[in-house]
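Take a look at the structure below.
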Amino acid sequence: MDSLFDAVEGGESREERLAELARQVSVCTRCDLALTRTNTVFGTGDPHSPLMLVGEGPGENEDATGLPFVGRAGKLLDDILAAVDLTRQDVYITNVVKCRASVAEGGRMKNRQPKTGEINACNPYLQGQLEAIKPEIILCLGAPAARTLIDKNFKITKDRGKWYDLEGGVKAMATFHPAYILRQSGEDLRNTKRLVWKDVQGIYAEYQSALEERR
Ligand code: URA
């Protein structure tokens with residue numbers, strides 16, 4: 001990691017460190033996504049939660065509002081969390097990239113996956129969030145997050161639902177991205193939902209034991 005965070009490595013609180021990082025993100029020009037964004041999307045939720053959720057990047061709705069997961073995929077994420085009695089206030093939610101990646105198609109801008117260079121350019125901010133929040137559990141939503149945080153060769157279909165030990169005793173798992181679930185139908189949809197529900201039960205059990213440990 002480079003020295004972007006010299007300014008935030010004092011004795012500040014998590015909130016102060018995150019506020020300074022968010023300020024840096026808001027004026028970031030480390031990649032060309034800065035040229036087309038409306039708002040940067042830093043992250044929301046409880047910076048003291050043991051659980052961090054990491055998605056791919058803002059879409060159109062997130063770019064318009066500056067908040068993560070506020071579109072259809074966000075509504076489904078709320079339902080997934082609610083299935084294990086969690087709300088977004090119980091967790092911290094962010095993305096691998098903080099600006100919308102889009103491409104012109106049929107006269108309008110469509111969301112696209114962020115490129116490797118864009119993910120790498122944004123990675124110091126994600127690492128800064130991890131250093132400030134120190135989550136005990138990370139749930140990667142989709143392959144880009146899993147490839148960034150768990151293993152660059154991560155295969156979401158084969159490797160989701162398994163636990164991985166990251167540096168500093170952090171436990172990480174990946175599951176399907178809510179937007180992927182929304183693209184399924186029929187039997188595929190039922191199977192995908194069943195797997196995600198199973199994954200999220202495992203996440204919840206780990207979240208509960210992290211809270212128990214703190215008591
Ligand atoms: N998809 C993501 O990965 N992140 C968001 O914030 C919204 C949709």
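Bear in mind the structure is a predicted one, so any value in this text is a computation, not a measurement. Order of listing sets the numbers, starting from 1, for every ligand and every atom in it.
Defined by atom type and a distance below 3.5 Å, a donor-acceptor pair is present between the side-chain atoms of D63 and T38. Side-chain contact check for N153 and R147: no donor-acceptor pair (N or O, by modelled atom type) lies under 3.5 Å. The closest side-chain donor-acceptor pair between E20 and Q24 falls under 3.5 angstrom. Side chains of K98 and Q129: a donor-acceptor N/O pair is present below 3.5 angstrom, by distance only.
Of all the atoms in ligand 1, the ones that sit under 4.0 Å from a non-hydrogen atom of H177 are 1 (N), 2 (C), 3 (O). Under a 4.0 Å criterion applied to the non-hydrogen atoms of G55, ligand 1 contributes the atoms 3 (O). Every atom of ligand 1 with a heavy atom of P68 under 4.0 Å away is listed here by number and element: 6 (O). Ligand 1 places these atoms under 4.0 Å from at least one heavy atom of E56: 2 (C), 3 (O).
Considering backbone and side-chain N/O of F69, one or more are found under 3.5 Å from N/O of ligand 1.
Residues F69 and L67 do not share a hydrophobic cluster, defined by chaining ILVMFWY side chains whose heavy atoms lie under 4.5 Å apart.
If you look at E62 next to ligand 1, the close heavy atoms, those under 4.0 Å, all belong to the side chain.
Of the protein's non-hydrogen atoms, the one nearest atom 4 (N) of ligand 1 is N95 OD1, 2.7 Å. The protein heavy atom nearest to atom 2 (C) of ligand 1 is G57 O, 3.1 Å.
Applying the 6.0 Å contact sphere to CZ of R112 captures more than 12 heavy atoms from other residues, nucleotides or ligands.
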